[in-house]
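All figures in this text were calculated on a predicted structure; none of them were measured in a lab. No hydrogens, no waters, no symmetry mates; every other heavy atom, side chains included, goes into these values.
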Amino acid sequence: MRTTYSGLVSAAHLDQTVTLFGWAHRRRDHGGVIFIDLRDREGLVQVVCDPDRAETFSVAEGVRNEFCLRVTGKVRRRPEGTTNSNLISGEIEVLAHELEVLNPSVTPPFQLDDENLSETVRLTNRVIDLRRPAMQKNMLLRYKTARAFRRFLDDAGFIDIETPMLTKSTPEGARDYLVPSRVHDGMFFALPQSPQLFKQLLMVAGYDRYYQITKCFRDEDLRADRQPEFTQVDIETSFLTETEITGIMENLIRYVFKDAIDVELPNPFPRISYTEAMARYGSDKPDLRVTLELVDVADAMKDVAFKVFAGAANDPACRVTALRIPGGASLSRGEIDGYTEFVKIYGAKGLAYIKVNDITKLNEEGLQSPIVKNLSEASLKTVMERTGAASGDLIFFGADKAKVVSDALGALRTKIGHEKGHVDGRRWAPAWVVDFPMFDYDEEDKRWVACHHPFTSPKDEHMGFLETDPGKCLAKAYDLALNGWELGGGSVRIHRADVQEKVFKALGIGDEEAQLKFGFLLDALKYGAPPHGGLAFGLDRIVTMMTGAESIRDVIAFPKTQRAQCLLTQAPSPVDEKQLRELHIKLRNPVKPE
């Protein structure tokens with residue numbers, strides 16, 4: 001029977017006999033005395049094997065890295081000068097009385113303290129990778145974070161209710177993962193992109209405070225903060241306003257950060273409108289630690305000779321925006337070229353700039369740039385005054401479709417801010433972003449699409465816009481941003497069938513299509529559905545931020561690669577012909593055996 005975890009043996013156990021289990025992290029032979037660092041999920045303890053105990057010493061001689069061991073021994077102080085303040089067990093060591101190899105190990109594919117492993121090697125050998133102390137720390141923090149969510153929500157009267165994994169395919173902004181039905185020929189289930197419709201049905205059913213920590217599935221292109229399957233803390237409640245819901249959620253996040261990593265987040269979180277966030281930061285999830293801001297200067301560029309600026313300035317769908325970099329005149333041409341290539345990732349065609357060598361001379365003598373000669377003194381004066389430019393600064397410009405400019409300069413703002421130290425020193429900077437538009441106009445399909453999802457409620461005072469001018473309609477929607485990441489988002493939902501039908505109409509969804517795809521929800525709303533709303537937090541993303549990891553793959557036990565593959569199990573993989581026949585499926589392009 002284990003006395004305690006190896007990593008938790010401390011000075012409190014001095015002179016006690018303990019039994020420990022774990023893995024040989026490292027074995028060292030120092031002149032006849034063998035030291036074994038025994039590791040488990042809580043950390044390391046140093047085990048000493050003395051030749052005076054011949055049987056124990058003989059076993060120790062055969063131990064190698066990653067052998068699974070049982071150790072019984074006496075806890076004693078380490079000799080003076082050999083303590084390790086970085087370990088709980090750093091003041092003590094265990095003199096082994098008994099040592100048993102529970103299972104030997106072949107040579108592992110890599111050393112667990114190797115810092116330069118490729119992700120391919122790590123994910124292919126994920127079981128061994130998960131033994132690494134850094135990964136065990138991440139997994140334990142993930143558990144503590146999920147536990148904190150549950151504690152707060154349980155205490156606040158929320159009920160944990162599971163919703164189906166096999167459900168109906170409904171459009172929610174990404175491709176569904178489809179599951180063929182063997183029983184119903186030609187029919188498919190879909191894995192849920194979120195429990196959105198079911199949690200609304202639970203509100204109608206009278207479960208006024210629901211939560212669930214659940215898997216969600218989206219078949220979309222991957223990146224560092226995205227996986228085909230991810231974990232969501234899903235929350236819904238009835239009879240509360242937008243402000244009351246965000247108040248509870250704000251208290252929840254403060255509690256989780258305090259409980260999991262002992263961080264005090266500010267109280268209250270600032271609130272920023274979507275319009276202000278896009279204008280000042282170029283992002284609806286701004287990193288408020290960065291002190292740089294975007295400034296719109298289109299009004300000063302409408303009549304300039306530089307057609308790139310003038311054309312965009314006279315197009316209502318475009319932005320002409322400036323980004324001042326204090327001290328940026330010292331940037332080299334190579335650095336500016338690098339930033340130019342960076343913004344092209346976001347669709348920008350280039351990156352105009354002006355180096356302010358002498359603010360008192362608004363001409364080519366004081367301002368260094370190929371575009372200065374094509375700008376009037378009046379326009380240059382407006383830019384300098386509005387941006388607050390001083391000698392030694394640099395101003396970048398974006399002039400294009402509004403989304404391109406916002407995405408490109410918003411990303412550039414964050415990149416330069418962190419690279420060049422234009423940050424305010426805060427470790428954590430949360431903010432609510434509110435008053436989102438209800439709809440975006442899809443130029444390609446020539447129709448309105450929902451910004452969040454089609455079940456988001458419009459502002460009460462904007463109901464009339466649903467039929468007259470959907471573009472003016474704001475939603476009761478809210479996102480929580482932290483350090484440039486979206487932690488979660490939600491909205492007050494539509495609880496009246498007549499309003500839901502108007503929103504579907506604005507989206508170009510006819511009565512027949514609406515009934516076919518969402519009939520079960522529309523029918524439920526007719527039975528006295530309560531006002532309700534909620535929010536979903538990305539658990540993977542939150543834990544990633546807490547650990548400082550570069551990718552959410554470092555906080556998920558068995559993640560997929562950016563090509564949506566599991567290198568450990570080699571999934572996805574072919575299935576045999578019999579399985580396909582049972583599912584009534586014939587492949588157009590059969591998989592060729594390798």
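Listed for the E385 side chain is no donor-acceptor partner under 3.5 Å among the backbone atoms of T382. Put simply, the side chain of T291 gets close to the backbone of H422: a donor and an acceptor are under 3.5 Å apart. Side-chain atoms of Q227 come within 3.5 Å of backbone atoms of K560 as a donor-acceptor pair (strictly under, hydrogens ignored). Judged purely by atom type and a 3.5 angstrom limit, D424 uses its side chain to pair as donor or acceptor with the backbone of R426. Checked by atom type and distance alone, the side chain of S369 pairs as donor or acceptor with a backbone atom of Y353 at under 3.5 Å. Remark: side-chain polar atoms of D442 are not paired, donor with acceptor, to backbone N or O of R447 under 3.5 angstrom. At distances below 3.5 Å, at least one donor-acceptor pair connects side-chain atoms of N483 with backbone N or O atoms of R427. In this structure, the side chain of Y478 engages the main chain of S491 through a donor-acceptor pair within 3.5 Å.
Note: F455 and F518 meet the aromatic proximity criterion, with ring centroids under 6.0 Å apart.
Note: F149 and F537 have tilted aromatic rings, judged against thresholds of 30 and 60 degrees for the angle between ring planes. Ring orientation note: the planes of Y441 and W448 are nearly perpendicular, at an angle over 60° on the 30°/60° scale. Relative orientation of the F465 and H462 rings is tilted, given thresholds of 30° and 60° on the angle between their planes.
Pairing each heavy atom of S379 with each of M301, the nearest pair is CB-SD, 4.4 Å. R126 and D554 get closest at one heavy-atom pair: NH2-CA, 4.4 Å. The two atoms that bring A389 and R324 nearest to each other are CA-CD, 3.4 Å, heavy atoms only. The shortest heavy-atom contact between P228 and A564 is CG-CB, 4.3 Å. Taking both residues in full, the closest heavy atoms of E242 and A477 are given as OE2-O, 3.9 Å, listed atom of the first, atom of the second, then distance. Contact record, Y274 with P437: CD2-CD, 3.4 Å, taken as the closest heavy-atom pair.
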Practice item. Begin from the C-alpha positions of D287 and R413 and carry the test salt bridge (Lys or Arg N to Asp or Glu O under 4.0 Å) through to its verdict. Key: CA-CA 9 Å; D287 188 343; R413 166 189 174 269; over 6 Å; no
Check your understanding: Taking it one step at a time, do D129 and R122 satisfy salt bridge (Lys or Arg N to Asp or Glu O under 4.0 Å)?
Key -> CA-CA 6 Å; D129 186 47; R122 290 178 54 205; 3.0 Å; yes
Check your understanding: Yes or no on side chain to side chain contact (heavy atoms under 4.5 Å, CB included) for E486 and R541, after CA distance, side-chain angles and deciding distance?
Key -> CA-CA 8 Å; E486 180 190 327; R541 193 170 295 180; 3.8 Å; yes
**Study point:** From CA spacing to verdict: side chain to side chain contact (heavy atoms under 4.5 Å, CB included), F257, I542
**Key:** CA-CA 9 Å; F257 270 73; I542 289 172; 4.2 Å; yes
Practice item. Any chance you could lay out the salt bridge (Lys or Arg N to Asp or Glu O under 4.0 Å) test for R386 and D299, step after step, and finish with the verdict? Key: CA-CA 12 Å; R386 199 169 291 176; D299 58 321; 2.7 Å; yes
Exercise for review: Go through the steps for L367 and K361 under the test side chain to side chain contact (heavy atoms under 4.5 Å, CB included), then give the verdict.
Suggested key: CA-CA 7 Å; L367 304 178; K361 299 175 180 178; over 6 Å; no
Review point. What's the verdict on side chain to side chain contact (heavy atoms under 4.5 Å, CB included) for L292 and I325, showing C-alpha distance, side-chain angles and the deciding distance?
Key: CA-CA 7 Å; L292 308 176; I325 312 299; 3.7 Å; yes
Practice item. Evaluate the salt bridge (Lys or Arg N to Asp or Glu O under 4.0 Å) criterion for residues K373 and E364: first the C-alpha distance (whole Å), next the side-chain angles of each, then the deciding distance (0.1 Å), finally the verdict. Key: CA-CA 7 Å; K373 61 186 177 183; E364 292 181 78; over 6 Å; no
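Checking Q193 against D176 by side-chain atom types alone, a donor-acceptor pair falls below 3.5 Å. Between D234 and T214, the side chains place no donor N or O within less than 3.5 Å of an acceptor N or O (distance only, hydrogens not considered). A side-chain donor from one of R142 and T231 sits under 3.5 Å from a side-chain acceptor of the other.
Taking the side-chain hydrogen bond (donor to acceptor under 3.5 Å, both in side chains) definition, one finds that E250 meets it with R254, W432, sequence neighbours left out.
M545 CE to I261 CD1: the interatomic distance, rounded to the nearest 0.5 Å, is 9.5 Å.
Side-chain contact between P559 and L123 is present, with at least one heavy-atom pair separated by less than 4.5 Å.
Remark: K401 engages D315 in a salt bridge, criterion side-chain N to carboxylate O under 4.0 Å. For the pair K349 and D400, the salt-bridge criterion is met [side-chain N within less than 4.0 Å of a carboxylate O].
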